[in-house]
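First listed ligand is number 1; within each ligand, the first listed atom is number 1.
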Amino acid sequence: MRGQKATARAHPNIALVKYWGKRDAALVLPHQSSFSVTLKPLHVTTTVELGTGTSQVELNGREALGQQRERVLALLERIAQEAGRPLGGAHVASAGNFPVAAGLASSAAGFAALAKAGRAAAGLGEDVAQTSRLARFGSGSACRSIQGGFCTWRRGVRPDGEDSFATQDFSEAHWPELRLLACVVSAAEKDVPSREGMQATVETSPYYPAWVEEAEAEVPRAREAVRRRDVTALGMLAERNAWRMHATALGADPPLCYLRPETLAVVLALQAARAEGCPVFFTLDAGPNPVLLTTVDHVSAV
Ligand code: PMV
């Protein structure tokens, strides 16, 4: 595959109904479906060259080592297998236009761009479902960053995971007034990465089954709120889903608390803003930094 080179771009996504917990860790299969919106102005651009003999992985200008490097090369290994050829070394260079520490799903955008560029470099034809399945192996949420707009990752039921991938429900053109604002209260690395946090939650939180059932039921409701462009319905749904994810994680043993005092200060301030008629809502991944949802008219007030 020497000399085959391709570049691709992907955007981070923020889940409005979160993915939290795997039913199969090796195949990265979730217990429940999830629903997200892609953040169009932010992107990661990745170039992959295959058949280079030795391998080199560069992320944001720095050489990636250890687990980070292994995860990137493992994904390319899968692509080589699909193409029916040996990998023969790869050069990867990936860079984003936003700070990694902002907690904005940089790994999702990174693995999505890697899956796209890797498949193109290997000469595999464009196949959105297959690219999404592949990105899932890098990081589960990356399967929702193959396309833009609003996407659903259906959990699927097959043990081999072939039906577990994301598809686009609405393009970003469907709701141009929607705005998401990242609210960075702490740029510190999180203590417990999502991967470990969700596993501990599945294994030890007595609330986990209730989380799965509720989250699955929220996905069609979230799609319906987006279809109607109803920011209040979507915002309330996103908030209760985030609270439930964090409540389930708090129920783990030992408890997992991703919140900081500043997180609560923001959340309480939003309630006050809403009481004054400003439609602003939050969602919260496995970290302390809320992402706010509002519409274009209210951005400056927020
Ligand atoms: O895809 P991962 O393994 O980074 O996990 C993502 C977990 C959350 O961000 C908390 C939720 C989600 O659906 O993106």
Side-chain angles (χ1 to χ4, degrees), residues 10-39 42 44 59 67-68 71-72 74-75 96 100-115 132-146 150-155 161 164-166 169 180 182 189-202 205 208 211-212 214-216 218-219 222-223 237-250 252 256-259 263 282-291 293:
H11 310 282
N13 74 76
I14 292 291
L16 303 171
V17 179
K18 311 286 182 195
Y19 141 60
W20 194 248
K22 296 175 182 65
R23 66 178 197 274
D24 185 319
L27 296 179
V28 194
L29 300 179
H31 274 288
Q32 26 81 222
S33 304
S34 53
F35 179 78
S36 60
V37 55
T38 30
L39 307 178
L42 309 182
V44 170
L59 303 180
Q67 230 183 34
Q68 242 185 352
R71 279 168 76 183
V72 168
L75 199 78
V100 176
L104 285 169
S106 55
S107 73
F111 281 112
L114 179 71
S132 174
R133 276 185 208 105
L134 180 71
R136 196 187 77 214
F137 286 99
S139 136
S141 57
C143 79
R144 300 186 310 241
S145 273
I146 301 303
F150 300 85
C151 296
T152 300
W153 175 10
R154 285 178 181 74
R155 70 183 289 283
S164 191
F165 58 91
D169 300 301
L180 284 104
E189 290 263 323
K190 51 189 155 194
D191 302 335
V192 184
S194 307
R195 196 169 279 231
E196 279 109 76
M198 62 177 79
Q199 190 186 340
T201 309
V202 174
S205 178
Y208 192 71
W211 154 259
V212 170
E214 284 306 308
E216 193 67 41
E218 294 282 42
V219 171
R223 270 200 302 270
L237 188 156
E239 287 201 357
R240 70 177 176 257
N241 180 262
W243 277 130
R244 285 173 183 169
M245 185 192 102
H246 286 272
T248 310
L250 278 165
L256 277 163
C257 181
Y258 289 104
L259 314 172
T263 315
F282 77 92
T283 183
L284 194 59
D285 277 349
N289 299 320
V291 172
L293 266 86

For this session: Report the residues that fulfil salt bridge (Lys or Arg N to Asp or Glu O under 4.0 Å) with R240, sequence neighbours left out, ordered by chain and then residue number.
Result: E218
Problem set entry | Donor + acceptor pair across side chains of R144, S36 (<3.5 Å) | yes
Exercise. Should the proximity of S141 to ligand 1, defined as any heavy atom under 4.0 Å, be assigned to the side chain, the backbone, both, or neither?
Worked result: both
For this session: Could you tell me if any non-hydrogen atom of A286 lies under 4.0 Å from any atom of ligand 1?
Result: yes
Exercise. Should the pair W20 and Y258 be assigned to parallel (<30°), tilted (30 to 60°) or perpendicular (>60°) ring geometry?
Worked result: perpendicular
Exercise. Among side-chain atoms of K18 and S141, is any donor-acceptor pair under 3.5 angstrom?
Worked result: no
Seminar exercise, completed: Under 4.0 Å between heavy atoms, the region of R195 that gets near ligand 1 turns out to be neither
Exercise. Do you know which two heavy atoms are closest between P30 and S164, and how far apart they sit?
Worked result: CD-OG, 3.5 Å
Exercise. What do you reckon, are the aromatic ring centroids of H31 and Y208 less than 6.0 Å apart?
Worked result: yes
Seminar exercise, completed: Nearest non-hydrogen protein atom to atom 11 (C) of ligand 1, with distance, is Y19 O, 3.4 Å
Problem set entry | Enumerated ligand 1 atoms positioned under 4.0 Å from heavy atoms of G140 | 1 (O)
Exercise. Which residues pass the side chain to side chain donor-acceptor pair (under 3.5 Å) test with T38, sequence neighbours left out?
Worked result: none
Exercise. Can you find an N/O atom of R144 closer than 3.5 Å to an N/O atom of ligand 1?
Worked result: yes
Exercise. Do ligand 1 and S139 have nitrogen or oxygen atoms that lie under 3.5 Å from each other?
Worked result: yes
Seminar exercise, completed: If we number the atoms of ligand 1 from 1 as shown, the ones under 4.0 Å from a heavy atom of A15 are 12 (C), 13 (O), 14 (O)
Seminar exercise, completed: shortest atom 5 (O) of ligand 1-to-protein heavy-atom contact is with M198 CE, 3.5 Å
